[in-house]
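Notes follow the structure.
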Amino acid sequence: MIPTSTSTPPSAATAVSARGVDKTFSTKQGEVVALSGIDLDVAPGEFVSLIGPSGCGKSTLLRLIADLDSPSAGTVEVFGTSAHQARIDQRYGIAFQQAGLLPWRTVAGNIALPLELHGMAPAERTARVDELVALVGLGDFAQKFPDQLSGGMQQRVAIARALAEKPALLLMDEPFGALDEMTREYMQTELLRIAAETGAAVVFVTHSIPEAVYLSDRVVVMSPRPGRIADIVPMRLGRAADRADDLREDGAFFEMITAVREALHGAPVTGPRGVETR
Amino acid sequence: MTDAAIALTPPRRRARDRGARLRLWGYGLLGLLLLAVGWELYKAMGPADGVVIGDARVLPRTSDLAMPHVWEMATRLLEPVTRAEGARPLWLEIVLAAALTLGIAAAGWVVGVVVGIALALIMQRWHLAESAMLPWIVLSQTVPLIAFAPLVRSWGSRIEIGAFEWQDWMSVAVIASYLAFFPVAVGALRGLQAPDAIHLELLRTYSVGWWATLRSVRLPAAVPYLLPALRLAAANAVVGAIVAEVSTGLQGGIGRLIIQYAGQASGDPAKAWAPIAGAVALGLIAAGSVAILGLIFRNYRRAEATQ
Ligand SMILES: Nc1ncnc2c1ncn2[C@@H]1O[C@H](COP(=O)(O)OP(=O)(O)OP(=O)(O)O)[C@@H](O)[C@H]1O
Ligand SMILES: [Mg+2]
């Protein structure tokens with residue numbers, strides 16, 4: 001077999017393009033196959049959620065896209081360049097499961113961190129930080145320190161920080177995992193609004209089916225051991241950007257939840273896609 | 001999770017801090033009082049010949065010669081040093097000597113802090129340096145100071161560069177720095193290695209280098225480790241300066257006075273204790289001044305609230 005450059009060549013028109021990605025960790029107990037044969041494309045401005053049981057490699061995939069780890073096989077491209085180059089060029093913003101704010105910096109200082117490190121002029125920086133603080137609704141708290149904020153507020157700061165340099169790609173690993181249900185729904189709506197305003201593509205890891213359905217254009221369902229993509233469920237709920245809270249009570253919303261749940265539960269039984277049709 | 005409630009937390013915490021600080025001073029004074037009471041109680045009720053185990057006297061004699069009364073020592077401070085005409089009061093002599101020693105110790109502290117932090121940076125930057133240097137740094141503190149001090153002095157006296165000439169006090173400062181650098185090197189290294197993995201990864205996503213990571217994450221994260229190390233270094237610098245004064249024979253410092261007045265103890269027992277008390281106060285002042293640094297850097301001692 002002659003390895004051809006993939007049938008759909010990645011181009012600048014795709015935000016993320018993973019082709020044949022494997023990731024094995026070598027540990028003392030032996031090799032751990034975290035990801036196997038991952039093919040995934042994310043279009044610019046598209047909202048894609050990764051969902052699947054614990055240990056199926058969602059975080060690992062996100063870290064490969066962020067170039068915090070490198071794949072054992074296959075390629076990950078971001079906006080047509082290697083993930084490494086994309087990190088050097090600052091093409092993405094990232095928010096981890098923990099807010100990860102620097103405790104000795106104020107809210108404004110934390111949001112300013114990437115701007116400062118990349119040498120934005122102070123005047124411009126202040127203006128941008130004011131804008132971001134307002135965007136996440138923390139106007140009165142700009143001069144507070146992280147230990148004076150609730151978990152939800154800290155998470156909003158982390159999101160503002162991820163957005164600071166107007167990245168065209170936003171990577172988020174269970175950013176709302178630690179929030180109570182009310183804050184969580186509020187933050188989901190906020191995130192949709194922000195993503196729509198900035199036109200950013202989002203890769204969003206979550207454990208919650210309703211969250212994935214509410215937010216996404218497409219939900220990527222993953223299965224464990226080895227981590228692979230079991231199914232990709234497109235959401236037929238209109239543009240993610242136009243969604244509002246009342247969607248949560250819509251019939252179509254529940255249909256999509258069922259679709260994702262079936263994909264999720266069917267995944268370990270049916271194995272890789274395509275097998276069941278034979 | 002109401003925003004107003006959260007905004008209200010800091011003042012309450014500040015009030016608690018102030019209360020804690022007052023209580024701390026209270027305990028300090030109480031400790032001093034207990035020491036004086038203990039001294040007098042032992043003097044009144046202890047065996048006249050002290051407690052001897054084998055050949056070693058583990059508790060002192062209670063005679064006025066070995067243990068003058070607390071008030072005698074206090075009043076002695078106000079009297080002149082010698083009977084000579086125009087002699088300074090004892091307390092002033094002690095304060096002047098202590099000031100000289102403090103100055104030398106401060107110089108030693110600064111050198112020790114600079115060297116300690118530099119070593120920690122090198123060890124953090126190159127893992128190989130850590131495994132190569134750390135054992136030696138620990139070993140360095142086992143060299144007996146008494147053996148070491150005259151050596152430094154004789155080396156120093158050979159240094160002469162242009163108009164610069166090595167002064168005797170510099171030998172004392174070098175020895176003080178030798179004791180001071182150790183806690184700083186160890187504490188700073190631990191601190192520089194302390195940042196959360198998530199913060200280091202964040203900086204990696206910003207694709208900035210070692211230097212920017214050092215400035216914006218490692219150094220700030222090291223502050224809580226550095227402050228106690230600096231305090232320890234201050235106390236060490238004072239001890240080192242006093243011991244070095246004695247063993248290099250430097251005049252005018254409190255170390256010299258301790259030896260000198262001890263020689264006169266048979267005729268003037270209360271006087272011998274004055275420079276010792278001065279040395280203790282000196283250590284406290286030195287360590288206390290570093291606490292001011294803690295106030296300046298208090299924002300670096302915050303921890304992110306757990307969610
Ligand atoms: N640094 C590592 N070294 C060794 N094994 C690892 C490492 N990181 C991840 N793994 C393994 O890879 C697999 C996938 O891990 P990953 O963290 O990506 O899962 P996940 O889907 O994010 O799980 P969760 O939903 O619990 O966060 C797991 O089996 C994990 O043990
Ligand atoms: Mg994970």
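Chain letters run A, B, ... following the sequence lines, proteins first and then strands; every chain starts at 1.
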Next item on the list: Count the heavy atoms of every other residue, nucleotide or ligand shown that sit under 6.0 Å from CH2 of B/W169, and state whether that count exceeds 12.
Entry: no

Next item on the list: To the nearest 0.5 Å, tell me how far B/L202 CG sits from A/L101 CG.
Entry: 9.0 Å

Notebook entry, point to check: Who wins among B/V208, B/T205, B/L203, B/V223 for the most heavy-atom pairs under 4.5 Å with chain A?
Noted result: B/T205

Next item on the list: Go through the atoms of B/V217 and report whether side chain, backbone, both or neither lie under 4.5 Å from a heavy atom of chain A.
Entry: both

Checklist line | A/Y186, OH atom: more than 12 neighbouring heavy atoms under 6.0 Å | finding: yes

Note to self: What residues of residues 113-133 of chain B make heavy-atom contacts with chain A at a cutoff under 4.5 angstrom?
What the structure shows: none

Notebook entry, point to check: NE2 of A/H118 to OG of B/S207: how many Å apart, nearest 0.5 Å?
Noted result: 5.0 Å

Check: Quick check: are there more than 12 heavy atoms from other residues, nucleotides or ligands sitting under 6.0 Å from CZ of A/R125?
Finding: yes

Notebook entry, point to check: For the residue pair A/D67 and B/R204, what are the closest heavy atoms and their distance?
Noted result: O-NH2, 2.9 Å

Notebook entry, point to check: Atom CZ of B/R215 and atom CG of A/L117: how far apart are they, to the nearest 0.5 Å?
Noted result: 7.0 Å

Next item on the list: Sort out for me which of B/A212, B/P195, B/S216 touches chain A most, counting heavy-atom pairs under 4.5 Å.
Entry: B/S216

Next item on the list: Begin from the C-alpha positions of A/L113 and B/Y206 and carry the test side chain to side chain contact (heavy atoms under 4.5 Å, CB included) through to its verdict.
Entry: CA-CA 10 Å; A/L113 178 70; B/Y206 297 147; 3.9 Å; yes

